[in-house]
Amino acid sequence: MAKTIPRIGSRRNGRIGSRKNTRRIPKGFIHVQASFNNTIVTVTDVRGRVVSWSSAGTCGFRGTRRGTPFAAQTAAGNAIRTVVDQGMQRAEVMIKGPGLGRDAALRAIRRSGILLTFVRDVTPMPHNGCRPPKKRRV
């Protein structure tokens, strides 16, 4: 009889998912995109690789409730909870958009215990707008 080959990724020896716990992230960026309909919170490391993300829609809010400040607060709490477990202590916050969830998401980030080095508003602003269409010829 031939010997059985041990499976490396079997659930019995507990090696599945071990890579996620070994990555330590001391510093990162938190991007908050607050539109009128939804709030998306993305946490990245210093190189820009996404570590964790959450939105008001993935937290279970549907319809008009996704644009509320409470939904943004819940989304920010969910996104940050996983990176605090991975050892994040300092972060820089970039806030984009005109939505209601801007302040609520920032308040939830401050409450999480992460030290904020700076908070920047990166909402895109048009300087002179698009070129207007040509005048209609009759």
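In this chain, residues are counted from 1 in sequence order.
- Minimum interatomic distance between Gly67 and Leu100 (heavy atoms only, all atoms of both residues): O-CB, 3.6 Å.
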Throw together a table of side-chain donor-acceptor distances under 3.5 angstrom for residues 111-118, partners on residues two or more places apart or in other chains.
from	atom 1	to	atom 2	distance (Å)
Ser112	OG	Ile109	O	2.6
Thr117	OG1	Ala91	O	3.3

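- For the pair Ile30/Ile80, a side-chain contact is recorded, criterion being any heavy-atom separation below 4.5 Å from C-beta on.
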| request: Give the C-alpha distance, both sets of side-chain angles, the deciding distance and a yes or no for side chain to side chain contact (heavy atoms under 4.5 Å, CB included) between Val119 and Ile95. | output: CA-CA 8 Å; Val119 179; Ile95 299 180; 4.0 Å; yes

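- Around the NZ atom of Lys27, the shell of radius 6.0 Å holds more than 12 heavy atoms that belong to other residues, nucleotides or ligands.
- Neither Met88 nor Phe29 shares a network with the other; the hydrophobic side chains, linked directly or stepwise wherever heavy atoms of I, L, V, M, F, W or Y lie under 4.5 Å apart, form separate groups for each.
- Nearest heavy atom pair, residue Ala108 against residue Ala76, reads CB-CB, 3.9 Å.
- Scanning all heavy atoms of the two residues, the minimum distance from Arg102 to Ala34 falls at CG-CB, 3.8 Å.
- Arg120 CZ to Met94 CE: the interatomic distance, rounded to the nearest 0.5 Å, is 4.5 Å.
- Under the rule for a side chain to side chain donor-acceptor pair (under 3.5 Å), Gln89 has no partner lying at least two apart in sequence or in another chain.
- A ring pair (Phe, Tyr, Trp, His ring centres under 6.0 Å) check over residues 41-94, counting only residues at least two apart or in different chains, returns the pairs Phe61-Phe70.
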Distance-only check: which donor-acceptor pairs under 3.5 Å involve side-chain atoms of residues 123-138, not counting sequence neighbours?
from	atom 1	to	atom 2	distance (Å)
Thr123	OG1	Gly97	N	3.2
Thr123	OG1	Asp121	OD1	2.7

Pairs of donor and acceptor atoms involving the side chains of residues 37-46, under 3.5 Å and at least two apart or interchain, shall be tabulated with distances.
from	atom 1	to	atom 2	distance (Å)
Asn38	OD1	Ala56	N	3.3
Asp45	OD1	Arg47	N	3.4
Asp45	OD1	Gly48	N	3.2
Asp45	OD1	Arg49	N	2.8
Asp45	OD2	Arg49	NE	3.0
Asp45	OD2	Arg49	NH2	3.1

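- Every residue meeting the side chain to side chain donor-acceptor pair (under 3.5 Å) condition with Ser52, not counting sequence neighbours, appears here in chain and number order: Thr82.
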